[in-house]
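All remarks here apply to the structure that follows.
Read the numbers this way: they start at 1 and go in the same order the structure lists the ligands and their atoms. Model, not experiment: these values are computed from the prediction.
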Amino acid sequence: MCGIVGFVGENEAAPILIEGLRRLEYRGYDSAGIAVKGESVTVVKEKGRIDNLKSCVDDVNPKGTVGIGHTRWATHGAPDRINAHPHKSMNDIVTLVHNGIIENYIELKNDLIKKGYEFKSQTDTEVIAQLFDSLFDGDAISTLIKVAQKLEGSYAVAMLVKGYDDKVFAMKKDSPMIVGKGDGQNYLASDIPAILPYTRDCYIVNDGEFIEISKDEIKVFDKNGNPKNAEIKTIDLSIESAEKCGYDFFMAKEIFEQPKAVKDTVSPLIKDGKIVLPFEFPENFIKELKRIYIVACGSAYHVGMTAKYIIEDMVRVPVTVDIASEFRYRNPIIGKGDLCIFVSQSGETADTLASLREAKARGAFTMSIVNVLFSTIARDSDGVIYTNAGAEIAVATTKAFSAQLGVAYVLSAYMAHEKELMSDAELKSFTDEILALPEKIKTALDTDAITERLSKHIATKEHMFFIGRGIDYPLCLEGSLKLKEISYIHCEGYGAGELKHGTISLIEPGTVVAAVATDDELYGKMVSNIKEVHARGAFVIAVVKEGTKGIEEIADEVIYIPKAPKNLMPSLTVIPLQLLAYHTTVAKGLDVDKPRNLAKSVTVE
Ligand code: AGP
């Protein structure tokens, strides 16, 4: 997704803007640009990576201590220099950058063309610039308010306005925006890592607020133009958590940070064998709970699917798991008394956020499991449990996924105990097992060597299958997504029992199949499924608990992982699957952290 930075201070803006954009690269982009206010506003923008932009900026050398910058993930118009941000209005009144989608931009553009405005790009963003230009009344904030009243869709906008030489303005709706408070300089950014080198004091901008920053002041206005107090929060994140710390890729660092991420997430929720949630459900809500929905996208959705097996096993309440882009449009049967759980690393995923608002509007109790502090989904939920995984930079999620699993275990146990399906003693025993997971994850990371060896073989393939049953099935979906999204190998995650209903026709000599078989009760069935694919020539990589008997006779390779109670095994199963994806991608010489076409946070539909 697009990244925005802004700066007002005493130092040259250009290098600070470039550095800020580099720290937002993980959000995914295909062009970038900056605008610096000196004698006039100089715009430098270029297709491709930040390095391309940097060499153009070095040539132009724009001078000034006020500026904005942008990395663009193309939605409207090709990823080229014309469509790259910033965009200037026709009369040079405003220069701006935008993250989001203006849904009524065609209608607005046609009106502006009738008024004589000429457009250079195909973007919806340029429409915002021309609209501001057409409504400019000499006052930036009042003009911004008028512009916002006409826009439909999502936006975070930062802009330089004629006549305001030492200020940057901003507004947002549904797309993220934070203000960084420095000493004699202030910042704007889409996400925290961009401001970390300069400050950890920030203001999280809310929908419908309008921002004016100068080097010594941060002003916030409401939708009527009235000043509001800017409550500054200190972000407890170190720069190290946004640095590679010696690893070749952020994904590698984040895979190996998982023991700590899980420990930091679950420990605050467990005190002396009891569970302490950071918010309260309404009285008797869980006791009387009849239906649970879990709504998310991508890997977060796989956490939801995994949680379904655990919650239904322990809490005996039916769980419906939806991908957010479907939930929000299928007129869900949800209302008062229902619990709707939203899982999101970024806390800004557009479909998940819209689904949250849909569930809330229908009266459900909404809670979220989120990694990014103060993100929109976290703030809009009735209750939030943060995964303390730290900044996750790689597009392919790993430590946030594992931390989300940790919350799912704790929440399942909490609800089972509330419904008196789990005694105090059983709760103590289960929570002890949860607290033991970080050490077991550390042991599971020892599969690094075998996964690296096997990745050389997988890297030669165009297709791969992941099959499993029961709680291993959603882990197969996750293993499949991990591998395909960064190695570009086509993968399918499949219920092992479902394979023979069609897809087994794709198995031919040499097809690689990862068979995940950690559930004792389903192991015999898995043995049959492994034999079925092996008989057709598949190369089978089995992922099983240490001590599993007979597997070496039927699989070509075996990856052993530590034992844990059935419902906690996902935290261990996922480790070799992540490592297989990572090493295969490295073996193919691809950019592990920034896979093509992908964004870390999909803040558009
Ligand atoms: C996972 O590796 C992907 N990057 C993607 O599927 C991601 O899980 C999905 O976009 C949801 O993002 P969120 O957790 O920030 O809402």
Name the orientation class of the two ring planes belonging to Phe256 and Tyr247 (parallel below 30°, tilted from 30 to 60°, perpendicular beyond 60°).
parallel
Sequence neighbours left out, what pairs pass ring pair (Phe, Tyr, Trp, His ring centres under 6.0 Å) with at least one residue falling in residues 339-368?
Phe281-Phe365, Phe285-Phe365
Restricting to salt bridge (Lys or Arg N to Asp or Glu O under 4.0 Å), what partner residues turn up for Arg596, sequence neighbours left out?
none
Residues lining ligand 1 [heavy-atom distance under 4.0 Å, listed by chain and residue number]
Cys297, Gly298, Ser299, Ala300, Ser344, Gln345, Ser346, Thr349, Val395, Ala396, Thr397, Leu481, Lys482, Glu485
Tell me if the NZ atom of Lys461 is crowded by more than 12 foreign heavy atoms within 6.0 Å.
yes
How many angstroms lie between atom CE of Met177 and atom CE of Met171, to the nearest 0.5 angstrom?
9.5 Å
Taking salt bridge (Lys or Arg N to Asp or Glu O under 4.0 Å) as the definition, give me every residue that meets it alongside Glu439, ordered by chain and number, with sequence neighbours left out.
Lys442
